[in-house]
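Working notes for the structure below.
Fair warning: this is a prediction, and the values are worked out from it, not measured in the lab.
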Amino acid sequence: LQITGLIFGGVGMVGTLAATVMPQWRVSAYVDGNIVVFETIWEGLWMDCISQLGLRLQCKFYDSVLALPPPLEAFRALMCIAVVLSVFAFLMAIVGVKYTHRTKEDPQRVSIFILVAGVAFLLTGTLVLIPVSWTGGSIIRDFYDPQVPVPLKRELGAALFVGWLSTALLVAAGAMYCHF
């Protein structure tokens, strides 16, 4: 169970890092009857990208942190904290797995590192879930809002799905370690 938790936590940690740096949080939606599409727009936490015919990709980092909308600033902060916390939890899990020795005299003895890793994985999963779900909810709300112009409508990007999968793995790892 500890090794499975370690694998889930490690994959969740990598997924958290990937979701944080991926530019595909919001992807341009093709709502009208226009089948011919020359550009795909990706919007992420750190940059916007435009893919032209799948051949040329241009990305531009956001110019100023002060010019960003407050939710994007908060999502950046939460995801950065989640990355650091997931690395910490993974390291604690490694130490906990290495130094947990169950004996016949004390079968309930579990390293404090295992408990710390479990709580940290659960907290990391929560920190990832908040910006990913909030962004997904706003994309869905705007997509069905008739007041939003068609060129501004977006679809759920791959980074959101990576974030949701990472959340599930991190929470599973945390539950496994807190179960001990």
Side-chain angles (χ1 to χ4, degrees), residues 1-27 42-49 59-102 108-141 154-180:
L1 198 58
Q2 287 181 355
I3 298 300
T4 304
L6 189 65
I7 292 168
F8 282 6
V11 174
M13 174 187 67
V14 171
T16 300
L17 179 63
T20 302
V21 299
M22 288 173 73
Q24 295 101 338
W25 280 60
R26 296 173 180 260
V27 179
W42 298 337
E43 299 172 6
L45 296 178
W46 308 98
M47 68 182 90
D48 287 337
C49 295
C59 293
K60 182 178 185 290
F61 285 97
Y62 296 126
D63 292 330
S64 171
V65 175
L66 300 175
L68 296 175
L72 186 59
E73 291 178 18
F75 296 162
R76 277 180 163 189
L78 285 174
M79 291 302 288
C80 289
I81 292 168
V83 167
V84 170
L85 192 58
S86 68
V87 171
F88 171 76
F90 186 69
L91 294 174
M92 289 294 106
I94 290 171
V95 171
V97 168
K98 184 171 180 153
Y99 292 110
T100 297
H101 301 288
R102 293 180 183 254
Q108 297 297 321
R109 182 171 175 253
V110 174
S111 172
I112 189 71
F113 295 111
I114 292 289
L115 185 59
V116 169
V119 171
F121 277 134
L122 289 172
L123 184 59
T124 302
T126 304
L127 289 177
V128 173
L129 184 63
I130 292 168
V132 169
S133 295
W134 194 298
T135 301
S138 70
I139 290 170
I140 293 168
R141 183 186 62 243
R154 299 288 181 252
E155 291 182 357
L156 302 173
L160 299 179
F161 296 107
V162 170
W164 282 317
L165 178 62
S166 298
T167 296
L169 291 171
L170 290 166
V171 168
M176 287 178 193
Y177 284 136
C178 287
H179 175 69
F180 282 101

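- Note: Y62 OH to L68 CG = 7.0 Å, rounded to the nearest 0.5 Å.
- In this structure R154 satisfies the side chain to side chain donor-acceptor pair (under 3.5 Å) test together with E43, sequence neighbours excluded.
- Heavy atoms only, all atoms of each residue included: L1 and M176 are closest at O-SD, 3.9 Å.
- To the nearest 0.5 Å, atom CD1 of residue I7 and atom CD of residue Q2 are 12.0 Å apart.
- F113 contributes atom CZ, which lies 5.5 Å from atom CE of M92 (distance to the nearest 0.5 angstrom).
- Between the W46 side chain and the T20 main chain, a donor and an acceptor come within less than 3.5 Å of each other.
- Across every non-hydrogen atom of V171 and G125, the tightest pair is CG2-CA, 4.2 Å.
- With contacts defined as side-chain heavy-atom distances shorter than 4.5 Å, the pair I139/L160 qualifies.
- Note: L170 CG to T126 OG1 = 9.5 Å, rounded to the nearest 0.5 Å.
- To the nearest 0.5 Å, atom CZ of residue F161 and atom CG of residue L156 are 4.5 Å apart.
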Side chain to side chain contact (heavy atoms under 4.5 Å, CB included) between F121 and L85, intermediate numbers included: CA-CA 8 Å; F121 277 134; L85 192 58; over 6 Å; no

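- Taking 4.5 Å as the limit, some side-chain heavy atom of V132 sits within range of a side-chain heavy atom of W25.
- Across all non-hydrogen atoms, the minimal contact from L78 to P131 is CD1-CD, 4.0 Å.
- Considering every non-hydrogen atom in both G163 and V128, the closest pair reads O-CG1, 3.6 Å.
- Using modelled atom types, no side-chain atom of Y177 and backbone atom of V119 make a donor-acceptor pair closer than 3.5 Å.
- Applying the side chain to side chain donor-acceptor pair (under 3.5 Å) rule to W42 yields no partners; only residues at least two apart in sequence or on another chain are considered.
- D48 and G44 make their closest contact through OD1-N, 4.2 Å (heavy atoms, listed as atom of the first residue, atom of the second, distance).
- Residues F88 and V116 meet the side-chain proximity criterion, which asks for heavy atoms closer than 4.5 Å.
- Nearest heavy-atom pair, T16 versus S166, reported as atom, atom and distance to 0.1 Å: N-OG, 3.4 Å.
- In this structure, the separation between CG on L17 and SG on C80 is 10.0 Å, given to the nearest 0.5 Å.
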